[in-house]
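Below is one structure; the comments refer to it alone.
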There are 2 protein chains.
Amino acid sequence: MPEVVAQQVKSDVGLASALRSSTLRLSRQIRRQRVDSHDLTANQLGVLGALGKHDAMTIGELATHEQVKPPSMTRIVSNMEEAGLVARRPHETDKRQIVVELTDAAHHLLRANRRRRDEWLQTKLKKLTPEERDILRKAAPVLERLAAP
Amino acid sequence: MPEVVAQQVKSDVGLASALRSSTLRLSRQIRRQRVDSHDLTANQLGVLGALGKHDAMTIGELATHEQVKPPSMTRIVSNMEEAGLVARRPHETDKRQIVVELTDAAHHLLRANRRRRDEWLQTKLKKLTPEERDILRKAAPVLERLAAP
DNA sequence: TATTGTTATACTCTATAACTATA
DNA sequence: TATAGTTATAGAGTATAACAATA
């Protein structure tokens, strides 16, 4: 059980507020770090990220995930297909549905983005003291739990 | 100097990656918690946030801040003015410029949003153990430094 | 003459409604 | 008959170009 050695900064109310502002600020900066070989819209980036996690999704699933109506998702996917980022294929059993998958190019792009962001974060981390990095190392899994649904 | 008592989870590379994913995930959830009495577009929300920090900005400043062209910002501000969220007034010395400020209603809305998000975070924090909260208490100022430009 | 904001116009993106194919 | 996706059409938002007022 860790002793509270460093400064006891905040009450429980203050802690929420401090975490809110720093998390939002940091995320904005992380989001800014990306490789835009194609210049993607916000929704296209969202589709890319969703498919990166779930591997294959139908048009309908993508539409609800991105909070967009089906006709709009049809268009978004068509544009991304022309850009060589996704591919359509028929659903295994239900011939009404269309399954959308990432192309190799899209996978490369996603990996490049993650790498870019990690590199940026690593240079920021290098500017901290070893003690501060230790604190973050312990905090990382807690933040992970906090971010879990 | 704090002893490393808890699990030593990650290498420096892994730390960046873990922080990236948890920060992004957490920020998405925080952003989702908001009071939408008026239903605002992303850009309107951006203007609201910018004016919340800087108090008064010209059309041009808002345009560059929101990465939008001046004619678009003219339109956005006009819509928000009709919605009673902002007010225009002439610049003190330079009569070409227009200064935009938040109305009282907008200030209330911003405060309500912050409160809503903090409440949501507090209920999430309550589900952690006291030890985990201590870790976050120590991590908060470090995250603050990390998020600083 | 340069700069700030606005107006006019064209383009892109999204939503609603109607349509096709499949369950 | 209901559901998944697409097509057609209309509305909202943005950008480029042209303009008015001020520096």
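Every chain is numbered from 1 and lettered A, B, ... according to where its sequence line falls, protein lines coming before strand lines.
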Heavy-atom contacts, protein to nucleotides 15-23 of chain D, under 4.0 Å, summarised as B (base), S (sugar-phosphate only) or - (none) per nt, yield BBB----BS
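- Between A:Lys138 and A:Val142, every side-chain heavy-atom pair lies at or beyond the 4.5 Å cut-off.
- The closest side-chain heavy-atom distance from A:Pro90 to A:Gln97 is not below 4.5 Å.
- Atom pair A:Leu62:CG and D:dT6:P shows a separation of 11 Å (rounding to whole Å applied).
- Between B:Leu102 and B:Asp55 the shortest side-chain heavy-atom distance does not fall below 4.5 Å.
- Five base pairs at each end of the helix from C:dT1-D:dA23 to C:dA23-D:dT1 define two local axes, and these are offset by 0° (rounded to 10°).
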Sequence neighbours excluded and cut-off under 3.5 Å, please list the side-chain donor-acceptor pairs for residues 73-81 of chain B, or say none.
unit_1, atom_1, unit_2, atom_2, d
B:Thr74, OG1, B:Pro70, O, 3.3
B:Ser78, OG, B:Thr74, O, 2.8
B:Ser78, OG, B:Arg88, NH2, 2.5
B:Glu81, OE1, B:Arg88, NE, 3.0

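- D:dG13 atom C1' lies 15 Å from atom CE of B:Met80, rounded to whole Å.
- Partners of A:Arg96 according to the salt bridge (Lys or Arg N to Asp or Glu O under 4.0 Å) rule, which considers only residues two or more places apart in sequence or in another chain, are A:Asp94.
- The shortest non-hydrogen separation linking B:Arg89 to B:Ala56 is NH2-CB, 4.4 Å.
- One atom, CD1 of A:Ile98, and another, P of D:dT3, lie 19 Å apart when rounded to the nearest Å.
- Residues B:Leu45 and B:Thr41 are not in side-chain contact: their nearest non-hydrogen atoms beyond the backbone lie 4.5 Å or more apart.
- Along DNA chain C, read 5' to 3', the first and last nucleotides having any atom under 4.0 Å from a heavy atom of chain A are C:dC13 to C:dA23.
- At a threshold of 4.5 Å between non-hydrogen side-chain atoms, the residues B:Glu66 and B:Leu62 do not count as touching.
- B:Ala139 approaches A:Ile135 most closely through the heavy-atom pair CA-CG2, 3.6 Å.
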Step by step, would you call B:Ser17 with B:Arg20 a side-chain hydrogen bond (donor to acceptor under 3.5 Å, both in side chains)? CA-CA 5 Å; B:Ser17 184; B:Arg20 166 180 52 72; 3.1 Å; yes
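- At least one side-chain nitrogen or oxygen of B:Asn43 sits closer than 4.0 Å to the OP1 or OP2 atom of D:dT14.
- When only modelled atom types and interatomic distance are considered, B:Ser27 and A:Arg31 share a side-chain donor-acceptor pair under 3.5 Å.
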Salt bridge (charged side-chain N to carboxylate O under 4.0 Å, His left out) evaluation trace for A:Asp118 with A:Arg115: CA-CA 5 Å; A:Asp118 284 358; A:Arg115 211 178 310 127; over 6 Å; no
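- Within the 4.5 Å cutoff, the side chain of B:Glu101 has no heavy atoms near those of the B:Val86 side chain.
- Using a 4.0 Å cut-off on heavy atoms, the residues of residues 50-61 of chain B that approach DNA chain C are B:Thr58, B:Ile59, B:Gly60, listed by number.
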